[in-house]
Amino acid sequence: SAMVTCAGVVLRSSLVVVGCLLVHANAAVAGPAFCGRAPNGGPPPMQPSKLTLSCVAPSAVIQVIEFASYGTPTGTCGNWTAGSCAAANSSSVVQAQCIGRQSCVVYPNTTTFGDPCFGTVKWLVVQARCSSGPGHAGQIGPPVTATVDTNQLNGTLYTVPSLQVVDHHFLLRTSPIHDAAFALLAGLGAERVRFVPWLPYPKSAVGELEPPSGSLLCGPHAWKGAQTRSVVLNCGPDGGTITAVDFASYGQPSGTCGSYKQSATCHAAGSAAIVQKACLNRNACTIDLAAFGTPCASPHLAVQVRCSGTTRHTYWNMTLPDQLMLDFWTAVRGNQTDPIINFSTEPTWMYSPQEYSYCDDPAQPCGGYDQGRAPPANVTQLGDYYGRLVAWYSKGGFADEYGNKHVSGHYLNITSWEVLNEVDYEHGYTAQTYTETFDAIVAGIRRHADPEKRIRFTGLNLPNIDNQAKVLQWATYFLNSSNHEPDTRDALHSIGYHAYPPGSSNFSDFFSYADTFLDKVKAVQALCRQLSPSTKSFLDETGTNQRIPLPPSAGPEYWVASGTYFAYVFAQAALLGDHVEVVGQSQLMDAPGQEPSVTIVDWTNGKGTPKYWVLKLLLEAVARGDKLLTSTVSDSARVHVQGFRRDSLGRVAVVMLNKSDKAVPLTLALKFMPAATAVGSCTFTAVDANSWESAPTPQPCQVLHGQITLLLSPFATATLLITIMS
């Protein structure tokens, strides 16, 4: 019988499946088609690039080059088409270098092929066949063996794979990839997703960007760069009107509401008259900034007025925070999946009352918002801010600092809240000042929104765990209940810390870092057991950050390796029992201008990168409550294997990770339960350079005599799903 598959899987002793064709391994005809793709390279400053073609069997040689094109080819393996740009010598060059060899290397550059289209990004695509057996586009390492004992348990899975969603202008509703990004998020079906509005986007991360000003009404402090929008003033719902313009200057004014000062060198003459004409005797007015001209570079408007009514003014504005929060909540089905919410950016005016300006354009990242050093001048005030923020989303609204009602109509089932983020960097907290602030925020949330104490809190959220001494110092202080207020000592549900390997051109280094990182997680686990046994760990930012400027669609290797790094941290954390509740991949969306190499979604097209498909593969393979199976591997430096058993489905899942840049032939032995008499089904799925930004295709496979042989592509994450008939 014939089956079609795109994974290198030995189905029977006489059959090998690779690419999308089925052949007999011992037949005289050439082996199955395999394909490779590599970007144009060259001497510095260009990046080096090469395409290696290899036959798996040592005795086999490359027999046929079915397709080769250096230029702009399109298609997929088995269905390539040369583009309008194609080097005429593509096939002859590849044939000369590869035919008759067990392995060959072709360098895709203009020295090798000439330049068929100057100034165009070019690729080399090759489709080939070996004389017998499968081939692979890349080097093949020594074979590895592994064993999974389906009858020998090694614990229960308590850890869930998840991700974090950080605010980004590509997630706003005006973004061309907004719908695609949130559809991908919804498609994961993940629980415990972390949501973090963050300081590069103050207008979508902070609900109260200006301090309360009493009887004075002032314009926004959006003074970083040029203001790009009109300014709106509103006396409030009591019907009062603007009776006086105390101050107006468009240029480079300084100060804050109640203490503005005009610049001696940049001020638009007639500023006050323009504001008076637009606003006097009105309940609300809109001031068009174009009316002032351009008195200097990057001008901004400072305006202060008085209203006839009794309203005392605050500046709560949840328009943009709502847009992101509600779209996120809908996508993750927040009322059922216990997301972890962290509005991590505090109102800077609580730390720096004289300088808290921000950028006017919400679609541009804005640095330098987090002015001032911790602690804030009034931690109770900060606690009240967060209490009102939570009440906005969970209680239908709140009363502000002056008792004014703000109605949201939101009644979200918020059950997890994280208190700030990377706090030793943002505002320069110490363990002592952070613990004081944590208590104040917990108390404020409970005061305004959670008197029933339903919400569980996560603290610390340190930027990286590469400095074990610092993490342990912070954790030692924070986990000591005597350092907390008596009424918040029950809030130490979990602590968080982040895992980003140092940048490296050798992606295998990611996994060495992960081993060191996990050793330090164990040290924190031991400290928790000593000081606060019920406190868990959240590894809520697990990612890689290479500062890569090119989009994921430019080449898959880094993105495949990054996804597998996350899968490896998850698989290892799962062995720590119930201590690590969540391993969250970083992060749904990012792009040039910030940290593009952490993104899970390709910012150029809205597709999921291999990081996305790795997470989805894990979520479909394993679930909390699965049994961990005793799993061994002959070369753990290159391959990680972990088995899981789900008795309710009669299913075994095996997660296999290639930690090297070479393909690995893996022979997996499965020891079955005595009651098992047959394998009902076997499915192999791999996320690798071949699947790239597409969903990996599950392939049928067959276990014979308790054994199966697979070819894991470089840095691949793969799963075997096996049902057992007893």
Side-chain angles (χ1 to χ4, degrees), residues 157-168 171 181 184-198 324 328-329 331-334 337-344 414-422 456-465 493-501 510 513-514 517-518 520-521 524 536-545 562-574 576 578-590 595 597-601 608-620 622-624 717:
L157 178 62
Y158 295 97
T159 307
V160 297
S162 191
L163 75 159
Q164 72 160 349
V165 178
V166 177
D167 61 339
H168 194 279
L171 297 179
L184 286 171
L185 178 61
L188 287 171
E191 59 177 309
R192 309 310 309 277
V193 182
R194 183 183 189 230
F195 178 62
V196 191
W198 190 42
L324 287 168
F328 163 83
W329 197 266
V332 301
R333 299 176 299 109
T337 59
D338 193 16
I340 304 160
I341 309 303
N342 184 350
F343 276 77
S344 66
I414 295 175
T415 51
S416 292
W417 192 274
E418 216 174 45
V419 178
L420 309 184
N421 179 68
E422 300 191 344
R456 293 164 296 156
F457 293 92
T458 301
L460 295 190
N461 310 309
L462 296 176
N464 219 323
I465 198 173
H493 174 264
S494 52
I495 58 176
Y497 33 88
H498 306 160
Y500 293 95
F510 294 167
Y513 170 87
F517 169 79
L518 288 156
K520 295 166 186 175
V521 173
V524 174
K536 311 300 182 185
S537 280
F538 284 4
L539 310 184
D540 47 18
E541 283 191 38
T542 301
T544 58
N545 191 353
S562 181
T564 299
Y565 161 77
F566 163 76
Y568 182 63
V569 173
F570 163 74
Q572 292 284 49
L576 299 180
D578 65 351
H579 178 69
V580 179
E581 285 197 359
V582 180
V583 178
Q585 185 171 209
S586 181
Q587 64 196 41
L588 182 71
M589 188 73 250
D590 215 323
E595 298 170 326
S597 60
V598 303
T599 195
I600 293 173
V601 175
T609 70
K611 294 175 61 175
Y612 174 86
W613 297 110
V614 165
L615 176 56
K616 187 169 178 61
L617 189 66
L618 291 176
L619 288 166
E620 292 172 347
V622 302
R624 189 163 35 194
T717 293

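Quick note: numbers below take in every heavy atom, side chains included, and nothing from hydrogens, waters or symmetry partners. These numbers were taken from a predicted model, which means no experiment stands behind them.
When all heavy atoms of Leu618 and Pro161 are compared, the pair lying nearest together is CB-CG, 4.3 Å. Heavy-atom minimum distance, Gly543 versus Pro501: O-CD, 3.1 Å. Minimum heavy-atom separation, Gly563 to Gln585: CA-OE1, 4.1 Å. Shortest non-hydrogen contact noted between Trp329 and Pro339 is CZ3-CG, 3.5 Å. Residues Leu157 and Ala623 approach most closely at CD2-O, 3.3 Å, considering heavy atoms. Nearest approach of Val582 to Ser162, heavy atoms of both residues: CG1-CB, 4.0 Å.
Side-chain atoms of Val569 and Tyr565, non-hydrogen and from C-beta on, do get closer than 4.5 Å to each other. For the pair Tyr612 and Leu188, the minimum side-chain heavy-atom distance is below 4.5 Å. Within the 4.5 Å cutoff, the side chain of Thr337 has no heavy atoms near those of the Val193 side chain. Using a 4.5 Å heavy-atom threshold, the side chains of Val622 and Phe570 count as touching. For the pair Leu163/Leu615, a side-chain contact is recorded, criterion being any heavy-atom separation below 4.5 Å from C-beta on. Between Ser537 and Ile495, some side-chain heavy-atom pair lies under the 4.5 Å cut-off. Put simply, the side chain of Glu581 reaches to within 4.5 Å of the side chain of Phe538, judged on heavy atoms. By the 4.5 Å heavy-atom criterion applied to side chains, Leu185 and Val332 are counted as neighbours.
Here the OG1-CD distance, from Thr544 to Glu595, works out to 11.0 Å after rounding to the nearest 0.5 Å. To the nearest 0.5 angstrom, Lys520 atom NZ is 12.0 Å from Tyr497 atom OH. Distance CD/Glu422 to CH2/Trp198: 6.5 Å, rounded to 0.5 Å. Atoms CG and CG, on Leu420 and Leu460 in that order, are 10.5 Å from each other to the nearest 0.5 Å. Summarising the geometry, atom CZ belonging to Arg456 is positioned 4.5 Å from atom NE2 belonging to His493; distances are rounded to the nearest 0.5 Å. Separation of atoms CG (Leu324) and NE2 (His168) is listed at 11.0 Å; rounding is to 0.5 Å.
The main-chain N or O of Asp338 is never found under 3.5 Å from a side-chain atom of Thr415 such that the two would form a donor-acceptor pair. Without hydrogens or angle criteria, Tyr568 side chain to Ala514 main chain gives no donor-acceptor distance under 3.5 Å. Not a single donor-acceptor pair under 3.5 Å links the side chain of Asn342 to the backbone N or O of Val196. Using modelled atom types, one side-chain atom of Lys611 and one backbone atom of Val598 make a donor-acceptor pair closer than 3.5 Å. Counting only distance, with no hydrogens or angles, the side chain of Thr609 and the backbone of Ile600 share a donor-acceptor pair below 3.5 Å.
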> Between Phe517 and Thr542, is a side chain to side chain contact (heavy atoms under 4.5 Å, CB included) present by the stated rule, with each step listed?
Replying inline: CA-CA 11 Å; Phe517 169 79; Thr542 301; 5.6 Å; no
> For Thr159 and Val583, what are the C-alpha separation, side-chain angles and deciding distance, and is it a side chain to side chain contact (heavy atoms under 4.5 Å, CB included)?
Replying inline: CA-CA 7 Å; Thr159 307; Val583 178; 3.8 Å; yes
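Under the side chain to side chain donor-acceptor pair (under 3.5 Å) criterion, Ser344 pairs with no residue at all, not counting sequence neighbours. Residues meeting the salt bridge (Lys or Arg N to Asp or Glu O under 4.0 Å) test with Asp590, sequence neighbours left out: none. Partners of Ser494 under the side chain to side chain donor-acceptor pair (under 3.5 Å) rule, at least two apart in sequence or in another chain, are Thr458.
A donor and an acceptor atom, one from each side chain of Arg192 and Ser416, are located under 3.5 Å apart. Under 3.5 Å, the side chains of Asn421 and Arg194 contain a donor-acceptor pair of N or O atoms.
Ring geometry, Trp417 versus Phe343: the interplanar angle falls under 30°, so the pair is classed parallel (tilted spans 30 to 60°). Ring geometry for Tyr500 against His498 counts as perpendicular: the plane angle is over 60°, on a 0 to 90° scale with 30° as the lower cut. Between Phe328 and Phe195, the two ring planes are parallel [angle under 30°; tilted spans 30° to 60°].
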